[in-house]
Structures are given as structure tokens and as C-alpha cells.
Engineer: 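Take this structure, written in C-alpha cells, and hold onto it; I'll ask about it next.
Because only heavy atoms are used, hydrogens play no part in the values below, and waters and symmetry mates are left out as well, while side chains stay in. In the text below, chain A, chain B and the rest are named by the order of the sequence lines, each starting its count at 1. Given the structure is predicted, the values throughout are model-derived calculations rather than measurements.
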Amino acid sequence: AQSVTQLGSHVSVSEGALVLLRCNYSSSVPPYLFWYVQYPNQGLQLLLKYTSAATLVKGINGFEAEFKKSETSFHLTKPSAHMSDAAEYFCAVSDRNQGGKLIFGQGTELSVKP
Amino acid sequence: ETGVTQSPTHLIKTRGQQVTLRCSSQSGHNTVSWYQQALGQGPQFIFQYYREEENGRGNFPPRFSGLQFPNYSSELNVNALELDDSALYLCASSLVFQDGTDTQYFGPGTRLTVL
């Protein structure tokens, strides 16, 4: 069975500091991995996705993630945090054996201090 | 903007009632998935429809049912509402390619409160 673990339910950084949100996955097949962001009272917005091409994936708003098979990780990073980055971030793995349903982690709330 | 719309935005029901939530998929997409997101949790997969047929179901009871229409819009129906059904319900549409890859684009959600 596939699963996702997000380490840290809450991360706080200062504006301009590095953002690092951690995600580890478990999958019996080569995974498709996603990062979504959710602003308060809104739906999920796709940040980036990995589908077995380049291991370093660039997304929107300056975010990127690196797929590391040996570590079963897909951590999300951004070199310099902005106040507007404050939101909930979800890592997800696609279960391609079940119609591509997404299995989400519990989420990490990112706070950005001025 | 993903092009996926959901209605209504908010809904309040009482225990035992029935509810229908609606979703309009992004143009050109052939697959719709529904997720339940309880407060403080990640979304949980309810079911998926591909070309009007159910194409996978999560760990939800039969009182959760759905439909997908020829124009790829969709409904989620929940019967005999329980307090624990209070959540944000998210619809996601996608276009499934031959190699199985797809990307799901989410609507803004419907916030259901059961009293």
C-alpha cells in the first residue's frame, strides 16, 4: 500500500529564509508525487509534480522539489520565503493501480514571520 | 483558477438528512474524483468516476454515492448524514493519458456542516 508521511505539522520561518518541507513516501511501484498548497478556506492548488522524468522538479512561485529514490523522499524547498507563502502544504502520491487516486499526507502548516 | 467549480460553497444540514454536492469539471477532462477533508487533516479519497463509471472507491460507506454526467459534471450524494460527515468536500478533475499519468485539478470545495 502506498502512503505519505510529512514530517512536522507546523514549520515557521522568517521572511527571506529557506523553506524546507519534508515528505517521505512508501510505494511498491515507481511513484508519481505531487505537492499542493491550500490557502485558508480554499481548495488545493498544484505546486509541482514528479512523474519519472527529471528528479529535480520546478514548480510555481519559486518552489522546487527533489525526488530521491534511495531516501524515498520528495522534500519541497524555496530559497527565500515570502509572507504570501504562509499556507498549508500537502504532499501526495498517486496510486496508479487504483485510477490515480491521490493519497495525501497530513499536511504541514507554514508560517512566515516578518 | 483551475476551471473546476463546485456548488454550493457552504451547506448546513441536520443529522439524518441527505445532501447533494455538485462539481463542474475543467473543460476536456474525462475523470472526476471526490475527496473529504476533515478539519486539520489531509484529503481522503472517496471515489472516482471515469467516463460515467465508478473507477475506484476509498474506505467510505455506501451512503456516499456519486454520478458523472455526459458533460463530465458530477454529483456527490450523502444519505443519512452523520455528525462526522462535517468536512470540506473537494472535487478534482483530470485527463487520464494512455500511460496512466494525470494531474488532478481541484475546485474550491463545499464546506458541509452537519448539526
Side-chain angles (χ1 to χ4, degrees), chain A residues 1-10 21-25 27 29-54 57 59-60 65 76 87-109, chain B residues 1-7 9-10 21 23-24 26 29-51 53-60 68 87-111:
Chain A
Q2 293 170 300
S3 64
V4 169
T5 301
Q6 291 184 239
L7 301 177
S9 59
H10 187 262
L21 304 182
R22 300 177 187 272
C23 172
N24 287 89
Y25 69 91
S27 177
V29 298
Y32 292 161
L33 295 159
F34 302 81
W35 275 99
Y36 285 88
V37 61
Q38 186 175 37
Y39 298 99
N41 300 313
Q42 294 188 25
L44 302 176
Q45 180 183 4
L46 179 69
L47 278 177
L48 49 80
K49 62 180 180 180
Y50 167 78
T51 56
S52 74
V57 181
I60 62 171
L76 182 71
E88 188 88 18
Y89 291 79
F90 292 96
C91 181
V93 62
S94 174
D95 187 340
R96 288 181 287 154
N97 293 325
Q98 294 195 39
K101 75 174 189 181
L102 293 174
I103 299 164
F104 287 89
Q106 289 291 91
T108 297
E109 182 182 0
Chain B
E1 287 291 325
T2 63
V4 181
T5 60
Q6 292 186 243
S7 63
T9 305
H10 295 88
L21 310 181
C23 171
S24 179
Q26 186 166 321
H29 284 184
N30 56 14
T31 302
V32 64
S33 304
W34 285 91
Y35 294 82
Q36 180 195 66
Q37 185 179 19
L39 201 60
Q41 304 290 321
Q44 297 288 319
F45 175 75
I46 302 175
F47 44 57
Q48 181 184 84
Y49 280 82
Y50 173 69
R51 293 183 176 177
E53 297 287 332
E54 188 175 291
N55 185 43
R57 189 179 184 91
N59 188 26
F60 281 81
Q68 185 184 29
L88 181 68
Y89 287 85
L90 296 163
C91 164
S93 77
S94 58
L95 176 63
V96 178
F97 296 97
Q98 283 187 331
D99 62 357
T101 61
D102 73 328
T103 298
Q104 297 191 19
Y105 295 93
F106 284 80
T110 293
R111 174 73 63 187

Engineer: Give the minimum heavy-atom separation between A:F90 and B:G42, together with the two atoms involved.
Structural biologist: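 Where A:F90 meets B:G42 most closely, the heavy atoms are CE2-CA, 3.4 Å.
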Engineer: Give, for atom CG of B:L90 and atom OH of A:Y36, the distance between the pair rounded to the nearest 0.5 Å.
Structural biologist: 10.5 Å
Engineer: Drop me the distance from A:I103's CD1 to B:F45's CZ, to the nearest 0.5 angstrom.
Structural biologist: 9.5 Å
Engineer: Taking CD1 in A:I60 as the centre, count heavy atoms belonging to other residues, nucleotides or ligands within less than 6.0 Å. Is the count above 12?
Structural biologist: yes
Engineer: Using non-hydrogen atoms and a 4.5 Å limit, figure out which bit of B:Q37 sits close to chain A: side chain, backbone, both or neither.
Structural biologist: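 Only the side chain of B:Q37 comes within 4.5 Å of chain A.
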Engineer: Let's go through B:Y35 and A:L44 carefully: what are the C-alpha distance in whole Å and the side-chain angles of both, what is the deciding distance for side-chain contact (heavy atoms from CB on, under 4.5 Å) to 0.1 Å, and is it a yes or a no?
Structural biologist: CA-CA 11 Å; B:Y35 294 82; A:L44 302 176; over 6 Å; no
Engineer: Please flag which part of A:Q6 lies under 4.5 Å from any non-hydrogen atom of chain B: side chain, backbone, both or neither.
Structural biologist: neither
Engineer: Quick check on side-chain contact (heavy atoms from CB on, under 4.5 Å): which of B:Q104, B:Q48, B:Q44 does A:L102 satisfy it with?
Structural biologist: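 In the set B:Q104, B:Q48, B:Q44, the residue that makes a side-chain contact (heavy atoms from CB on, under 4.5 Å) with A:L102 is B:Q104.
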Engineer: Counting only non-hydrogen atoms closer than 4.5 Å, does A:Q42 touch chain B with its backbone (N, CA, C, O), its side chain (CB onward), both, or neither?
Structural biologist: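 The answer is the backbone of A:Q42.
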